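Below you'll find the structure, written out as structure tokens, and then a few comments.
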Amino acid sequence: MSESPETRSLRSASSQLNLMEVDAIDDKEFDIPQVDTPPTLESILNELEDEEEPFVLEDTCLLNTDNMDTHSCDTSSLASSDSGDPAHLKRRRRTVDPNATVHGSVLRHSLLKGISAQIVSAADKVDAGLPTAITVSGVITVGTSHGLALVFDANQALRLCLGTKTTGAEFGAVSALSINHDCSRLLCGFAKGQITMWDLASGKLLRTITDAHPPGTAILHVKFTDDPTLAVCNDSGGSVFELAFRRVMGMRSCDSRCLFSGSKGEVCCIEPLRALPDLRDHPITNYSLLAMASLTKILVIGLKPSLKVWMTFPYSKSDPSSVPQLAWQFVPVQKTVNPILAFCKGDTVHFLLVKKEETGTIHVIKQRQLHLSCDIISLSWINSRTLILVDSHEKLQVVDRPSQEVLETLDLENVQLVYNSRHFKSLATGGNVSQALALVGEKACYQSVSSYAGQVVYLGTKSAHIMTLRNWRERLDCMLKQEHFVEALALAWSFHEGTAKAVVGLFGDPVKRKGVIADKMVEILFQVAERALKKCPEQGKIQVMEQHFHDVVPVLVDYCLLLQRHDLLFNQLYARLVENSVAKGVFLECLESYIVADRLGHLTTPIMRDLLAHYHDNSMMDSLERCIVHLDVTSLDIQQVVQVCWENHLYDAMIYVFNRGVNDYITPMEKLFAVIGPPLREGRSLTDEEVVMGNKLLVYISCCLAGRAYPLGDIPEDLVVQVKNQVFEFLIHLRSADSSEKEGVFPFIRTLLHFDTREFLNVLAMTFEDFKNDKQALEYQQRIVDILLQVMVDNPDFTPSQVGGLFTFLARQLAKPDNTLFMNRKLFDQVLEFLCCPDDDSRHTERQQVLLELLQVGGVVQFNEDRLLALAEKAKFYQICEFLYEKKHLYDRIIDCYLRDPLRKEEIFSYIHNLLSMPGYSPEEKQTVKSKVLQHTQELVTLDPKKSADLVVFHFSEEVQQIMSELQDDLLLFKFLSCLLEPRKGHLSGTVLLLEHDLHELLLELLCRFDPQKLLSFLHTSQHYRLEKAIHITKKYHHNEATAYLLEKKGDVHGAFTVLLETLKENLYVLTTESDDGSNRGDGRHDNEEEGDAKSTLTKVQDTLNDIIAFCHRSSHNLDQHQREILWFPLLETMMASQKQVKGINAKHTTEVLKELTMKVLNCMSSFISLPAIIQRILQDPVYGKGKLAEIQGLILGMLDTFNYEQTLLETTTSLLNHDLHWSLAHLRAAVTRGLHPRQDYCNICLQQYKRRQTSAEEIIVFSCGHLYHFQCLQQKDCGWGYTSERQQQWSCYKCSSSQGGRSGPVAEAKRGRSTSLAQTRVTSVHHKDGDNSGKNKVFVEATLDLQQEQSWDQLRCLYRGPSRLSILFDLTHSQTSEKTGFLIPSQPASENFQLKLSPPPLLEE
């Protein structure tokens, strides 16, 4: 019978347990050995890797499907087989993450079919029960719900069936299993708390342990340690016990010791540190470390040499239902191997490195955490770098610990994982566990997962599954089988570079590893090419075929270049792709990106020929040029390439080929000059293409003279000087090779000057920078300068800018300290005449700028300054004049330059301010400038009044009167004064100006004339005018509002009122006249115009009335009753009188509006005038007095409504006040009379019992803080204050006042608030010898609520969120005068939107 792969993996794991060497980089010790002749089952298992197909059990010879439950292949996850808890039957199912295959299939998931079949068979045929626990070592042991333990060997054959159904009925289900390190003993824990030990060689029961832990609790875990005589167990009470096995005189015994009591926190997971055989001598194994996970923290303890806690680590906040997990692993860290404890509860995995120090102590170092977005229910190491996690949705995740990257995700729903909920709830013993432990048990599956030697086994309800890491070949073959070629190549390259994760089976030597991987990648590349050619659509759109090869060909090129296999790319692969014309084209086009990136520098001749032909045929000339300038010229047919480049204007490529191919640097220039020279000589404008050629020519010449290659790189060092000389010789040729009659002398320099003078001179300037001690180069420099002068001076073909640019260039060259150039200085005078020609108005700015640049070069150019100044003034070159005046320190003349220059007029203010502010100028120079400014005051103010005013404030504050006298225009003076008197921050001169009354009064008069809208604003903000003078001015220009404001400010209330009333009467007259005129005009005006005028007049009336009402309000507070009547009654009479004067079409509407306004006046005046006086005045008025009662009915009723409203408001407010006061006092009384409970039964000063002597009656004082004192003790400490009477003396708590800085007086005591006594009660205790009246007589001191009221009141106020109603009403009463408060409209116009919101008092729970 052939062995299945999972059988061989078990056998190899049990026989080959070697820890990875520290210096190795692979994990070959975890590899599954290669099989030469794989059995047919291998193909079946490989089919399972396709995640889209459901897992189907097919091997009927190993698994009898007839006897299986029909749900065994169901996709839904079942609950724990022994818990019967339906909560697990509804686990959510999620789709597989498509990104999980980035690393390929890392994990091999195999079904242990032999074991699975026998589990099902045992349950059906012999009633063994459903599986409940599994453990793996050299054998696999499965526990069942009927108390049996099935032991399978490496071939999945059943070796032993331990236990009977009788013991199962007595002990319950198997709840925990453990095998020792040499696979000779098995420990079984049971749901009813018993533990049995079995001999795995003979199947003999060695021990039955029933008293190791408290009865009535299930065994959750039982674990062997490295010491075969020592084990640990964990029960459902949360306690942990050590089991020490003894054999004395042939008698086997077990001693139990409690390591952790469940009363201190329930432990639900334990994990002893067990070393592999190679690490049995590791020094840390002497401590027999044990990790324990409770519901709140992790503990690491040592069992040897004595019990000691080495570390505790509390969890961060997590879901109470999360299951704690623990897992140990020996990991190589910095050339040493030490254990790492991985633990988690929830979504974060913590890693703790455990080291033994030289001193013998255990040192725990926290490592980087791993955060996942899932609730972890299982955690296992599969090797020292890789973990396998299972989340609460039964998704398995393979995680690389160093990078914290999830390598793969598998769905374990088909496994139907067994859960241990029944044991955590201890249902077999009555369910006597805490709710917290039961909640954790909902997702506990500790006994369903077992890891051993690079394998992890999972127990399902009817099957067992094993997970192992695939070796690197399997991972690649898996991807190739699914035709994921690009991903397979990427994975193979990560193997090649050593960046892949969870790698198994590669050599430790990097050279060997890369060789093996490279061979495999070449094999894959051939497969990719063959598949691409076979799968190419034979018919259809060309774009579809191109896209097909675009997805494949770049991949082939990329990996061939990465592997440095150019022979493979250009010979074998290209030979196959050429068979398809589309593939050939795509291949040639994709080479461009690699060539441009300098990853591919040499092409074979056939491919270069095909490349030229393909790019030329498809008009891809720009791409071809980019390729040529990056290629090695030895692979090019120079003649063919040059011809193609010239015909298609690929000038960069042509220059590159000439330079690199034949070391010819002159021919490209000749060709380019031949194109751009003729049109420039003929004066024609250049085409865009010719401009591009000219620019390339300039850059090329610059590169050649600087020793750089064009378009990129450097000229070979041995050719740099030769190339430079060749270029100079070419430029200074007198004639070109094919010269014509029209061609002038020195055609090449002339052409470049005409093309772009400034850039050509810049090229020469950069070149001349490098000339030092090179005699030949200096000769060329002098020669070129002479030619430039000969060509450009006195040549009308060149503009002033071009000539000026030449001389600026020459001046800068001459200014150098190591200058060797020689030239005639008289040439500069000729240039000066040329630039300053007054008859030529063209290019004025350009000529001035050129001359300025020439002057700024330095002391090389020496002009006659007087002559230059005269020429500049003629030519109106004001910047030149400024430059010269600056040198002569004639700063006043510069003012004229700025004023005359239309382009720079605005800058004059900055110039003057800077000159007068900066310290580098003498007082005489500043004085001349000041004089010049004063002469041009009118111009400066006209130019910008604001900036002029700023100048005056900062520099001319003493000359203000002189400046104002210079300003003839009143409007200009108004603008200047407005800016001048604006308040400025932090300047003394401005403050001095503000204090001058004449200036403010002058501005006031100008405001009246030119901007009356800002008059009131000015009067409000300015305080520097004289009232009498200001009143005179405003009266003169009839500005009544301003006059009234000033009169009010003066204190003349009646005068101000008279002015405002006059304005109101005028507006009312206009209103009544307009309505009358409208009725007389009839159809003479449009209705819309009439309505607009009426509205504007009405608005004026309303605004005027509001102003006068506000004025009366302000004034009435300070007047007596008679004076108030003098204000309000004329206003009322004016409004009432106007109603009878309204006539015309709109009379009704206007009358209604006036009545509303009259009512407004009445409501406002009612706050200051008594109601009888108002009614008497109304009835005496002829308008109302002679009329009928109906005419004043509305007025009287409105006043009555106001009275009723005010009366209701007063009653409601009084009721609220009474209710609040009663509620507050009731709570005060309750607080004061509440009984006190002393904290101790002794005095806090003398520390003796309050009942010191039986004979005498002692008075005791108890404070609200709970402290108790003898009356005499407090008196001695002088803690009393207040009244002198003993009964009325007030006390402070000695202890509280001492802790807050000692005893303090009444003021401090009141401020302290809560530290003082809320209720001070003096108790007198009387004790009689006979004991017949041993009760306490309490004498209460007369209540004094000064401090108590304050403290209680503070507490009560805190109950209100915000101010109390008492405080609101208190504020309201104080904001009013003693007079009668308002009617319908509040007395303050600004508070029209005020609303009184009333609510019941808050409820206080006793």
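Just so it is clear, the structure is predicted and the values come from calculations on it, not from any experiment.
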*I would like to know whether His1149 and Glu1152 meet side chain to side chain donor-acceptor pair (under 3.5 Å); could you show each step before the answer?*
CA-CA 5 Å; His1149 171 69; Glu1152 290 297 326; over 6 Å; no
_Worked check of side chain to side chain donor-acceptor pair (under 3.5 Å) between Asn1106 and Lys1160_ = CA-CA 10 Å; Asn1106 285 335; Lys1160 183 176 182 179; 2.6 Å; yes
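With contacts defined as side-chain heavy-atom distances shorter than 4.5 Å, the pair Asn1067/Tyr1069 does not qualify.
At least one donor-acceptor pair under 3.5 Å links the side chain of Thr1021 to the backbone N or O of Phe1018. In this structure, Arg1124 contributes its side chain and Ser1116 its backbone to a donor-acceptor pair below 3.5 Å. Judged purely by atom type and a 3.5 angstrom limit, Gln962 has no side-chain atom pairing as donor or acceptor with the backbone of Glu959. Side chain of Ser1115 to backbone of Cys1112: no donor-acceptor contact under 3.5 angstrom is found. The closest donor-acceptor contact from the side chain of Tyr898 to the backbone of Arg904 lies at 3.5 Å or more, if one exists at all. Within the 3.5 Å criterion, the main-chain N or O of Gln935 finds no donor-acceptor partner in the side chain of Gln938. Judged by distance alone, the side chain of Thr1034 and the main-chain N or O of Ile1031 form a donor-acceptor pair under 3.5 Å. For the pair Ser957 (side chain) and Val953 (backbone), a donor-acceptor distance under 3.5 Å is absent. A donor-acceptor pair is defined here as one N or O able to donate and one able to accept, closer than 3.5 Å; no such pair exists between the side chain of Ser917 and the backbone of Asn914. Under a 3.5 Å cut-off, the side chain of His1039 and the backbone N or O of Cys1008 do form a donor-acceptor pair.
Within the cation-pi definition used here (under 6.0 Å to the ring centroid, within 45° of the axis), Lys930 qualifies as a partner of Phe956.
Note: Trp1128 and Phe1168 have parallel aromatic rings, judged against thresholds of 30 and 60 degrees for the angle between ring planes.
Scored by the ring-ring contact (aromatic ring centres under 6.0 Å, His included) test, Phe1057 finds no partners at all (sequence neighbours excluded). Under the rule for a side-chain hydrogen bond (donor to acceptor under 3.5 Å, both in side chains), Tyr878 has no partner lying at least two apart in sequence or in another chain. For Lys947, the side-chain contact (heavy atoms from CB on, under 4.5 Å) partners two or more places apart in sequence, or in a different chain, are Glu906, Phe909, Asp944.
Exactly one of Tyr911, Tyr885, Tyr921 qualifies for a ring pair (Phe, Tyr, Trp, His ring centres under 6.0 Å) with Tyr891. That residue is Tyr921.
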